[in-house]
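Lettering of chains follows the sequences in order, A, B, ..., and the numbering in each one begins at 1.
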Number of protein chains: 2
Amino acid sequence: MNIEHDTRTRILSTARELFHGRSYADVGIKEICDLAKVQKGSFYHFFPSKQDLAMAVIDDMADEWAHGFVAEAFDQNLPPLERLDYMIDAAYYWQKAAKDIEGRMPGCLFGNLALEISTRDDVLRAKLNAVFDKASRRFHQALDQAVELGEIPPLDSEATAAAMLAFLEGIILLAKTRNDPEVVRILGPAIKTLRIELAHPN
Amino acid sequence: MNIEHDTRTRILSTARELFHGRSYADVGIKEICDLAKVQKGSFYHFFPSKQDLAMAVIDDMADEWAHGFVAEAFDQNLPPLERLDYMIDAAYYWQKAAKDIEGRMPGCLFGNLALEISTRDDVLRAKLNAVFDKASRRFHQALDQAVELGEIPPLDSEATAAAMLAFLEGIILLAKTRNDPEVVRILGPAIKTLRIELAHPN
DNA sequence: TTCATAGATGACCGGTCGGTCAACATGAAG
DNA sequence: CTTCATGTTGACCGACCGGTCATCTATGAA
């Protein structure tokens with residue numbers, strides 16, 4: 001059962017690596033096929049178009065994220081605020097490892113794709129938005145629990161969660177532009193200082 | 001003197017609009033020439049390559065920024081912390097205006113270009129990095145002045161400045177992915193809560 | 001009047017892009 | 001053995017890409 005989908009899987013992971021390391025537009029289908037050792041006709045047997053491939057890549061990456069280090073970072077057994085540190089650390093080590101191997105910081109695949117194609121392709125934009133929404137909910141939950149435990153004063157946890165996600169994407173963007181993962185490590189801890197207060201109920 | 005450079009200026013501003021509204025890779029030289037009413041040969045008379053055009057576009061935009069609303073926002077007569085609000089407001093209104101006209105949020109040209117091409121073109125990456133550095137210095141100065149005036153407790157103003165710039169880019173990224181400028185308005189004010197403490201001198 | 005220079009013109013180039021297609025291999029079900 | 005679905009192969013397509021170039025025009029200095 002996995003043999004017959006082995007080709008598809010190879011295409012998917014190759015495309016993910018290439019898109020992440022360079023960009024959507026810069027990676028051609030021929031290049032993906034060559035690296036994945038797949039014929040072009042086979043590619044189009046599994047993916048009707050490059051756009052469909054991108055959709056699948058986003059799903060694939062989001063799944064691996066959700067079950068990988070994001071699941072670890074937002075482990076319910078971890079104190080809520082430590083989850084934020086964990087997330088920053090994970091981002092730092094990942095980017096650093098990638099740079100040590102390939103010489104350049106790839107940044108966040110979702111952020112990269114979002115800025116590159118969300119003005120051109122509304123379907124992909126919506127999909128990326130959903131990924132960010134899901135990520136934001138993790139922060140949201142952690143913040144609610146931190147408030148409940150009295151670790152931080154009450155705040156607008158939904159808005160603050162979104163702000164934290166934005167900050168995470170922002171420091172990765174800056175670090176990628178500097179091609180220096182240390183930016184993530186140095187600026188990252190400030191994520192816990194972000195606060196959006198509850199609107200006064202007047 | 002401006003007549004003989006009129007063609008060049010038209011190419012530049014057309015390219016800036018198109019790159020900003022879509023992406024670097026998605027906009028071809030032919031399209032730029034058609035819209036700017038310039039022949040292809042003329043284009044290559046002024047710009048040796050597409051990369052050179054991109055360099056010029058970044059310079060052009062950075063100049064207009066520096067002398068435009070960034071100069072207003074970081075007006076030395078404004079209280080330091082108000083400058084941050086001004087900057088957020090300016091970003092919000094700009095993105096909102098663009099969306100109202102074109103139907104979609106273009107985001108930040110520098111952020112867009114940084115994520116799209118900084119892994120492929122180190123020269124452009126370095127140029128974008130310099131733009132961010134310069135922007136960061138504005139925040140840095142404002143923070144130093146705020147500390148001096150006693151408006152905020154002492155902090156690592158350089159690191160905090162970078163964090164604020166990252167946050168600004170991050171909320172614009174998130175807003176673009178949602179295609180909703182309101183994200184900037186809602187999350188933006190949290191920029192003033194960001195803090196990175198001074199390292200203990202042990 | 002000559003000459004040099006800056007700029008404009010548009011046909012043209014090789015290469016690559018995303019995508020198509022008819023032919024063929026394989027293996028399980030009837 | 002036949003049938004059918006799933007998957008593979010690689011040649012092929014038109015469109016478009018960034019970039020080149022010989023040729024022409026306009027201007028202004030000598």
So, B/Gln145 versus B/Arg83: side-chain donor-acceptor pair below 3.5 Å or not? yes

Using a cut-off of less than 4.0 Å, is there contact between a side-chain N or O of B/Gln39 and OP1 or OP2 of C/dA8? no

For A/Ser49 and A/Asp52, does a side-chain donor sit closer than 3.5 Å to a side-chain acceptor? yes

Between NE2 of B/His45 and P of C/dA6 the distance, given in whole Å, is 7 Å

Integer-rounded Å distance: D/dG10 C1' and A/Lys37 NZ: 18 Å

Write down the atom of A/Gln95, the atom of A/Pro106, and the distance for their closest heavy-atom approach. OE1-CD, 3.4 Å

Counting primed atoms, P, OP1 and OP2 as sugar-phosphate and everything else as base, the B/S/- map of nucleotides 14-24 of chain C against protein heavy atoms under 4.0 Å is ----BBBB---

Is the gap between the ring centers of A/Phe74 and A/Tyr86 under 6.0 Å? no

Indicate whether the side chain of A/Glu116 and that of B/Tyr24 have a donor and an acceptor atom separated by less than 3.5 Å. no

